[in-house]
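Starting from 1, each residue takes its place in the sequence as its number.
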Amino acid sequence: MAFPYMEAVVGFMILMYIFETYLDVRQHKALKLPTLPKTLEGVISQEKFEKSRAYSLDKSHFHFIHEFVTIVTDSTILYFGVLPWFWKKSGEYVTTVGLNAENEILHTLAFLAGLMIWSQITDLPFSLYSTFVIEARHGFNKQTPWLFFRDMIKGIFLAVIIGPPIVSAIIVIIQKGGPYLAIYLWAFTFGLSIVMMTLYPVLIAPLFNKFTPLPDGQLREKIEKLASTLNFPLRKLFVVDGSTRSSHSNAYMYGFFKNKRIVLYDTLIQQCKNDEEIVAVIAHELGHWKLNHTVYTFVAMQVLTLLQFGGYTLVRNSTDLFRSFGFDTEPVLIGLILFQHTVIPLQQLVSFGLNLVSRSFEFQADAFAKKLGYASELRSGLVKLQEENLSAMNTDPWFSAYHYSHPPLVERLAALDEPDKKED
């Protein structure tokens with residue numbers, strides 16, 4: 001008797017939905033608490049707390065609806081054989097336009113085009129509501145409808161340009177990979193990730209945002225001095241016009257080897273009136289670099305990718321797997337999709353483990369900034385970012401442990417204060 005892959009996958013998806021909804025309910029109750037955590041009393045203003053609470057509850061209500069629609073849609077698609085039906089229809093379409101449906105690459109591209117159209121249509125109402133209702137209601141949205149749809153069209157255009165060559169290459173590799181398929185797939189995705197990380201900030205990101213050099217002044221001098229002190233090979237320092245879309249703030253760095261760049265959101269500069277707070281945030285980010293967190297994370301992701309491809313090679317020719325989901329053929333792309341669904345339990349465990357590691361890295365980066373003498377500035381900067389982004393002040397510990405890759409503000413402030421207490 002063949003193993004019921006489809007029933008097992010749908011069943012686990014529903015179980016995970018129930019479990020995560022339970023965590024969401026716990027978090028929703030935490031968000032409804034009318035008082036600040038004791039650690040934040042006198043640190044966060046009551047006005048900001050009330051605004052944060054309202055914003056978080058709005059997002060929580062929306063999340064419940066979105067997740068319910070998602071699980072119903074995904075379960076229906078898998079259980080009632082929508083995927084094999086759509087695969088068959090996409091093949092018929094290829095034939096209708098005069099192309100050869102026996103060509104798996106053409107058939108796959110038609111299938112993916114249909115999926116992209118479907119996802120754009122089904123996701124659009126949620127994206128619009130999130131952007132123009134929730135974000136706008138709480139003062140974050142800066143986009144016009146024109147800018148929103150222009151970004152969406154650009155994204156579709158990029159997918160149409162970049163997607164087909166990548167999909168075609170993957171299909172060919174899997175068809176001809178032989179016993180070393182997992183290694184070939186990993187090598188291809190590794191090379192692709194390097195290329196994309198190189199090209200994205202130079203060619204793709206500027207299509208959506210404007211990047212300008214940080215003007216000369218004290219802030220630039222302080223950041224460059226900090227980078228020089230740490231031997232960080234800073235080549236360029238940019239400000240990005242994040243305020244054209246949202247008033248949320250951030251900062252990040254990117255680049256390989258001796259070609260590092262730092263990007264500050266203009267909203268970060270506007271919100272942190274004190275230059276030292278911004279420098280402290282950068283010190284935290286440079287701590288990730290100095291402590292090799294980015295290297296460790298990248299290596300871990302490559303190992304996991306290789307293991308995942310290794311698992312895929314074991315089941316890719318499983319007729320029972322395809323038949324369980326209603327397929328009478330074994331297309332390469334469908335095999336990848338089905339495999340991703342069958343390893344969801346492992347993916348959840350890996351995701352949880354990566355979150356634990358990421359949270360540990362955040363504490364280490366905070367400690368690094370503190371050792372550089374930025375403890376008070378980082379503390380005030382984190383508080384300012386929490387306030388201005390209206391991030392949740394009260395968090396459920398179970399929800400936080402499962403979902404958050406960054407520790408809540410309460411935990412980070414406690415960790416920053418703890419060494420001081422020991423020294424006293």
Legend entry - Residues K59, H138; criterion side-chain contact (heavy atoms from CB on, under 4.5 Å); working and verdict: CA-CA 11 Å; K59 291 196 298 180; H138 297 278; over 6 Å; no
What is the ring orientation for [X] with [Y], classed by angle as parallel under 30°, tilted 30 to 60°, or perpendicular over 60°?
X: H403; Y: F399; value: tilted
X: Y254; Y: Y252; value: tilted
X: F64; Y: H28; value: perpendicular
X: F62; Y: Y129; value: parallel

Within this structure, what is the [atom1]-[atom2] distance for the pair [X] and [Y], rounded to the nearest 0.5 Å?
X: F232; Y: E285; atom1: CZ; atom2: CD; result: 10.0 Å
X: T108; Y: I171; atom1: OG1; atom2: CD1; result: 3.5 Å
X: M116; Y: I121; atom1: CE; atom2: CD1; result: 11.0 Å
X: L214; Y: I278; atom1: CG; atom2: CD1; result: 8.5 Å
X: L307; Y: Q302; atom1: CG; atom2: CD; result: 11.5 Å
X: I223; Y: L264; atom1: CD1; atom2: CG; result: 5.0 Å

Is the shortest heavy-atom distance from the side chain of [X] to the side chain of [Y] under 4.5 Å?
X: S400; Y: R359; value: yes
X: L385; Y: E277; value: no
X: Y312; Y: V343; value: no
X: V133; Y: D58; value: no
X: T313; Y: L185; value: no
X: Q143; Y: T244; value: no
X: S246; Y: K142; value: no
X: V43; Y: T39; value: no

Taking [X] first and then [Y], would you say they form a salt bridge - that is, a charged N and a carboxylate O separated by under 4.0 Å?
X: K210; Y: D241; result: no
X: K51; Y: E387; result: no
X: K48; Y: E388; result: yes
X: E92; Y: K89; result: yes

A quick test of your reading: do over 12 heavy atoms of other residues, nucleotides or ligands sit less than 6.0 Å from [atom1] of [X]?
X: F126; atom1: CZ; result: yes
X: K154; atom1: NZ; result: yes
X: R235; atom1: CZ; result: no
X: K260; atom1: NZ; result: yes
X: F68; atom1: CZ; result: no

Inset, instruction - Start with the C-alpha gap between L230 and F368, add the side-chain angles, then the distance that decides, and say whether side-chain contact (heavy atoms from CB on, under 4.5 Å) holds. - result: CA-CA 11 Å; L230 298 175; F368 180 85; 3.8 Å; yes
Main-chain N/O of [Y] paired with [X] side-chain donor or acceptor, under 3.5 Å:
X: S127; Y: D123; result: yes
X: H288; Y: H293; result: no
X: R245; Y: F208; result: yes
X: H341; Y: I337; result: yes
X: S75; Y: V72; result: no
X: S56; Y: S52; result: yes

Shortest non-hydrogen separation from [X] to [Y] and the atoms involved:
X: Y374; Y: A283; answer: CD1-CB, 4.0 Å
X: W186; Y: L306; answer: CB-CD1, 3.7 Å
X: I204; Y: L158; answer: CG2-CD1, 3.7 Å
X: A401; Y: F352; answer: O-CE1, 3.3 Å
X: F211; Y: P206; answer: CE1-N, 4.0 Å
X: P34; Y: R53; answer: CA-NE, 4.0 Å

Legend entry - Output field: ring centroids F327/F325 closer than 6.0 Å: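 Ring centroids of F327 and F325 are no less than 6.0 Å from each other.
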No-hydrogen, no-angle side-chain donor-acceptor test under 3.5 Å, [X] and [Y]:
X: E104; Y: Q175; value: yes
X: Y55; Y: E135; value: yes
X: Y402; Y: E20; value: yes
X: T131; Y: N141; value: no
X: E362; Y: S358; value: no

Legend entry - Working for side chain to side chain donor-acceptor pair (under 3.5 Å), residues S351 and Q347: CA-CA 6 Å; S351 177; Q347 288 176 335; over 6 Å; no
Inset, instruction - Determine, stepwise, if the pair Y184 / F309 fulfils ring-ring contact (aromatic ring centres under 6.0 Å, His included). - result: CA-CA 9 Å; Y184 294 149; F309 285 142; over 10 Å; no
Legend entry - Verdict with reasoning, R323 to Y5, per side-chain contact (heavy atoms from CB on, under 4.5 Å): CA-CA 9 Å; R323 287 181 177 175; Y5 288 102; over 6 Å; no
Inset, instruction - Among Y93, W118, F111, find the one that has a ring pair (Phe, Tyr, Trp, His ring centres under 6.0 Å) with F86. - result: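 Looking at Y93, W118, F111, the match for F86 under the ring pair (Phe, Tyr, Trp, His ring centres under 6.0 Å) is F111.
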Legend entry - Evaluation steps, side chain to side chain donor-acceptor pair (under 3.5 Å), between S60 and Q27: CA-CA 8 Å; S60 180; Q27 175 68 358; over 6 Å; no
Inset, instruction - Please step through side-chain contact (heavy atoms from CB on, under 4.5 Å) for the pair L390 and F140, ending with a clear verdict. - result: CA-CA 10 Å; L390 298 184; F140 287 117; 3.6 Å; yes
